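Step one of this worksheet: look at the structure below.
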Number of protein chains: 2
Amino acid sequence: MAYQRSTLMQERLADNRQRIVLAARGLIARGGFREASITAVAAAAGLSTGAIYRYFPSKADLFVEVLTDAVRRECALLRELIARPGTASARLCAAVESFAKRALEGPHLAYAFIAEPADPEVEAARILCRQEFSDVFKTVLSEGVASGEFPKQSVEVAAACIVGAFTEALVRPVAPTTRRVDDRKLVAAIVDFCHRAVAGVPSPSRRSRAAPR
Amino acid sequence: MAYQRSTLMQERLADNRQRIVLAARGLIARGGFREASITAVAAAAGLSTGAIYRYFPSKADLFVEVLTDAVRRECALLRELIARPGTASARLCAAVESFAKRALEGPHLAYAFIAEPADPEVEAARILCRQEFSDVFKTVLSEGVASGEFPKQSVEVAAACIVGAFTEALVRPVAPTTRRVDDRKLVAAIVDFCHRAVAGVPSPSRRSRAAPR
DNA sequence: AAAAAAAGTGAAGCGAGCTTCACAAATTTA
DNA sequence: TAAATTTGTGAAGCTCGCTTCACTTTTTTT
């Protein structure tokens, strides 16, 4: 009869796989791709180097999964925010702000995901991830345009621009010995930019939010 | 008699050395340290790999020189701006703006210089470079405090904070397929931040500069 | 419990890139 | 021009990290 894994065994395997991904993500967050050698990942996951290759055909494939896994979670969160009740404007800002804040919590990780030079395979995965982000924002833009809240525009292009603005403005890898620029200000500025770009107005509500507190 | 290099020969050697440094800088600007292999540097400089080691004892030493060379030029420019006539406030802003603008012209290079994970030797050189930048700003801060233009403060710490703010806010490596956030806005925001931090006032002159144009 | 199948190990294979070295070319001295 | 010295070459050496593989351990089937 064909070999059949018990549920306990299946869980253990799934757990191993997850631990590998988490170990890789942790190492990347600490020191970029440089730190995430297979040896280091294996050690951090409590496995031998050979075991890694039972779960992933290559290092690049592992990195691609780390990337897409993180992006999937991120997109799910954003979709949830965007699906909530409220004006398109408010929901867009909430999504942008949420994304920006989280990216700033792990700037080194964000940099690795967005721009650190990597294998062609990983670069290819990045394109797809950008597209996924773009699609999320396209939803709320379309709704805003349909309701007349936003002026008529190419939501396809606008969504891509928002993602582009993120990735350009957000990535600030860790500078070890220095203090950070105030994250909230940066987030507010990015939210502001995106909102203005889409809504086509100076957005006084934004200004009043940025100033006090 | 002892061997003596002719001036022509000396010039050729100096030229070779300079070409190596420039080649390395160019490659780093294009694709980070990853692209700047000794083979690639040698090819770009029009020399053999072995020749590189007549000018630099190791790859790390070459990178350190690329770094310190660029920083030296940058600091010279900043010192010049700071030495000009005008209020401490204006000179500080001019220096910050100048620095920020130039960094944004080559974000990948800036990232490599400021934060890309590298050899310990290069990291050590970074600390010294930060110190050098810090010292430049300390000058104008001291003058501002002495003249009563800035409130009393630790210029040592404040200068370090300014450099820290830069390095955190500026580094935005290239995102290949997307358009950039408006550089001028980012520069203005950084100038604004630094000025406010030092002068301790909302700086209405800054606001009026950021809005129009 | 024995056999079969899968999962896990870690040392060895392998390639890429830094570095060295024996040799060639060029430059300076005599 | 010949000898001495320095500079330049590029293939070979070496190291490091990804990947593989023969073998052990664990899990499943009979």
Side-chain angles (χ1 to χ4, degrees), chain A residues 1-21 23-24 27-28 30-66 112 116-122, chain B residues 1-21 23-24 27-28 30-66 112 116-122:
Chain A
M1 192 192 177
Y3 183 96
Q4 188 93 3
R5 284 191 283 252
S6 69
T7 46
L8 198 76
M9 189 62 185
Q10 277 191 33
E11 277 169 24
R12 202 167 63 80
L13 291 180
D15 182 61
N16 277 352
R17 189 185 177 91
Q18 191 60 22
R19 261 209 332 284
I20 293 170
V21 171
L27 288 166
I28 292 172
R30 287 176 47 84
F33 293 136
R34 183 188 180 77
E35 291 282 313
S37 70
I38 288 289
T39 313
V41 171
L47 290 168
S48 66
T49 60
I52 304 291
Y53 288 83
R54 278 201 179 274
Y55 296 89
F56 300 93
S58 76
K59 192 190 180 188
D61 285 78
L62 168 58
F63 282 4
V64 166
E65 176 146 337
V66 171
E116 183 171 356
D119 295 343
E121 278 189 65
V122 179
Chain B
M1 189 190 179
Y3 185 94
Q4 187 95 1
R5 282 190 284 253
S6 69
T7 47
L8 200 75
M9 189 62 184
Q10 279 191 32
E11 278 167 23
R12 202 167 64 81
L13 292 180
D15 183 62
N16 277 353
R17 189 186 176 90
Q18 191 60 23
R19 265 212 326 286
I20 293 171
V21 171
L27 288 166
I28 292 172
R30 287 177 47 84
F33 293 137
R34 184 188 180 77
E35 291 282 313
S37 69
I38 288 288
T39 314
V41 171
L47 290 167
S48 65
T49 60
I52 303 292
Y53 288 83
R54 278 201 180 273
Y55 297 88
F56 300 94
S58 76
K59 191 190 182 188
D61 286 78
L62 168 57
F63 282 4
V64 167
E65 177 146 337
V66 171
E116 183 172 356
D119 295 343
E121 277 189 67
V122 178

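Keep in mind the model is a prediction, meaning the values are calculated, not measured. Below, chain A is the first sequence line, B the second, and so on; all start at residue 1.
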field: Residue closer to the 5' end of DNA chain C, Arg5(B) versus Gly50(A) (nearest nucleotide)
entry: Gly50(A)

task: Check Val64(B) against Val122(B) and note the closest heavy-atom contact, atom names and distance.
output: CG2-CA, 4.1 Å

statement: Asp119(B) atom CG is separated from dT15(D) atom P, nearest whole Å, by 17 Å

Distance test, side-chain N/O of Arg12(B) to OP1/OP2 of dA26(C), below 4.0 Å: no

Nucleotide nearest Thr49(B) (side chain, heavy atoms from C-beta), chosen from dT19(C), dG8(C), dT19(D): dT19(C)

query: Under 4.0 Å between a side-chain N/O of Ser6(A) and OP1 or OP2 of dT28(D), yes or no?
result: yes

- request: Rounded off to whole Å, could you give me the CZ-to-C1' distance for the Phe63(A) and dC18(D) pair?
  value: 11 Å

query: Taking CE from Met9(A) and P from dT28(D), how many angstroms apart are they, rounded to a whole number?
result: 6 Å

- request: Provide, to the nearest angstrom, the distance between the CZ atom belonging to Phe56(B) and the C1' atom belonging to dG8(D).
  value: 16 Å

- prompt: Under a 4.5 Å cut-off applied to non-hydrogen side-chain atoms, are Leu62(A) and Tyr55(A) in contact?
  reply: no

message: Checking contacts here: which listed nucleotide (dG8(C), dC18(C), dG10(D)) is nearest the side-chain heavy atoms of Thr39(B)?
response: dC18(C)

- request: Please determine if a side-chain N or O atom of Arg34(B) lies less than 4.0 Å away from the OP1 or OP2 oxygen of dA16(C).
  value: no

- prompt: Arg54(B) side chain: which of dG8(D), dC18(D), dG8(C) is closest?
  reply: dG8(D)

- prompt: Does Tyr55(B) have a side-chain nitrogen or oxygen under 4.0 Å from the phosphate oxygens OP1 or OP2 of dG8(D)?
  reply: yes

query: What is the minimum heavy-atom distance between Ala36(B) and Phe63(B), and which atoms define it?
result: O-CZ, 3.5 Å

- prompt: Ala44(A) and Ala23(A): which non-hydrogen atoms are nearest, and at how many Å?
  reply: CB-CB, 3.7 Å

task: Rounded off to whole Å, could you give me the CZ-to-P distance for the Phe33(A) and dC18(D) pair?
output: 13 Å

field: Closest to the Leu47(A) side chain, choosing from dT9(C), dT9(D), dT28(D)
entry: dT9(C)

field: Rounded distance (Å) that lies between atom P of dT27(C) and atom CG of Asn16(B)
entry: 12 Å

message: Atom CZ of residue position Arg19(A) - does it have more than 12 heavy atoms of other residues, nucleotides or ligands inside 6.0 Å?
response: yes

task: Round to a whole Å and report the spacing from CD1 of Ile38(A) to P of dG13(C).
output: 20 Å

- request: Give the rounded distance in Å between these two atoms: CD of Gln10(B) and C1' of dT28(C).
  value: 13 Å

- prompt: Choosing from dA7(C), dT29(D), dC18(C), which nucleotide comes nearest the side chain of Gln4(A)?
  reply: dT29(D)

- prompt: Can you tell me if the side-chain N/O atoms of Arg17(B) get under 4.0 Å from OP1 or OP2 in dT7(D)?
  reply: no

task: Just compare dT9(D), dG8(C), dT28(D) and give me whichever is closest to any side-chain atom of Ser48(B).
output: dT9(D)

